Engineer: 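The structure under discussion is supplied below as structure tokens; questions concerning it will follow.
This is a predicted model, so every value here is computed, not measured.
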Amino acid sequence: MTKSELKQVLEDKQMEEALELLEEAEEGGLSELELVESLGLLRDEALNDALIQALQEEGVNITYIPAEE
């Protein structure tokens with residue numbers, strides 16, 4: 001999925017926060033993001049993977065933190 005396709009899907013599904021993350025990364029305003037690996041960013045695994053990949057392509061360093069028990 002291209003970045004423009006990803007943006008369109010996020011817009012269609014009204015996932016504004018995810019879209020804002022991507023736009024912030026494109027503008028250079030997001031350099032690092034901490035994620036709980038078991039949760040990710042989105043419930044949809046394919047979209048989650050596409051968004052994380054797009055963020056990394058924009059230079060965002062993804063740091064995975066362990067889930068709290």
Engineer: Quick one: CD on Glu37 to CD1 on Ile52, what's the gap to the nearest 0.5 Å?
Structural biologist: 8.5 Å

Engineer: Starting at CD of Glu58, measure out to CD of Glu24 and round the result to the nearest 0.5 Å.
Structural biologist: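 If we round to the nearest 0.5 Å, Glu58:CD and Glu24:CD are 12.0 Å apart.
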
Engineer: At what distance, to the nearest 0.5 angstrom, does CG of Leu51 lie from NZ of Lys7?
Structural biologist: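 Interatomic distance, Leu51 CG to Lys7 NZ, rounded to 0.5 Å: 11.5 Å.
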
Engineer: Let me know which of Leu55, Thr63, Ile62 forms a side-chain contact (heavy atoms from CB on, under 4.5 Å) with Leu35.
Structural biologist: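 Going through the options one by one, the only one that passes is Ile62.
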
Engineer: If we ignore angles and hydrogens, is there a donor and acceptor under 3.5 Å between the side chains of Gln8 and Asp12?
Structural biologist: yes

Engineer: Do Leu42 and Val36 belong to the same hydrophobic cluster, where Ile, Leu, Val, Met, Phe, Trp and Tyr are linked whenever their side-chain heavy atoms lie under 4.5 Å apart, directly or via other members?
Structural biologist: no

Engineer: How long is the span from the CE atom in Met15 to the CG atom in Leu22, to the nearest 0.5 Å?
Structural biologist: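 Nearest 0.5 Å value for the CE-CG distance: 13.5 Å.
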
Engineer: Restricting to non-hydrogen atoms, name the atom on Ala50 and the atom on Leu6 that form the minimum distance, rounded to 0.1 Å.
Structural biologist: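 Shortest heavy-atom contact: O-CD2, 3.7 Å.
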
Engineer: Going from CG on Leu47 to CG on Leu10, what distance comes out if it is rounded to the nearest 0.5 angstrom?
Structural biologist: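 One gets 6.0 Å once the value is rounded to the nearest 0.5 Å.
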
Engineer: Is the shortest heavy-atom distance from the side chain of Leu21 to the side chain of Glu17 under 4.5 Å?
Structural biologist: no

Engineer: Between Glu57 and Lys3, does at least one N-O distance fall below 4.0 Å, as a salt bridge requires?
Structural biologist: no

Engineer: May I ask you to check whether over 12 heavy atoms, not counting those of Gln14, lie within 6.0 Å of atom CD?
Structural biologist: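 No, because the 6.0 Å sphere around CD of Gln14 holds 12 heavy atoms or fewer from other groups.
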
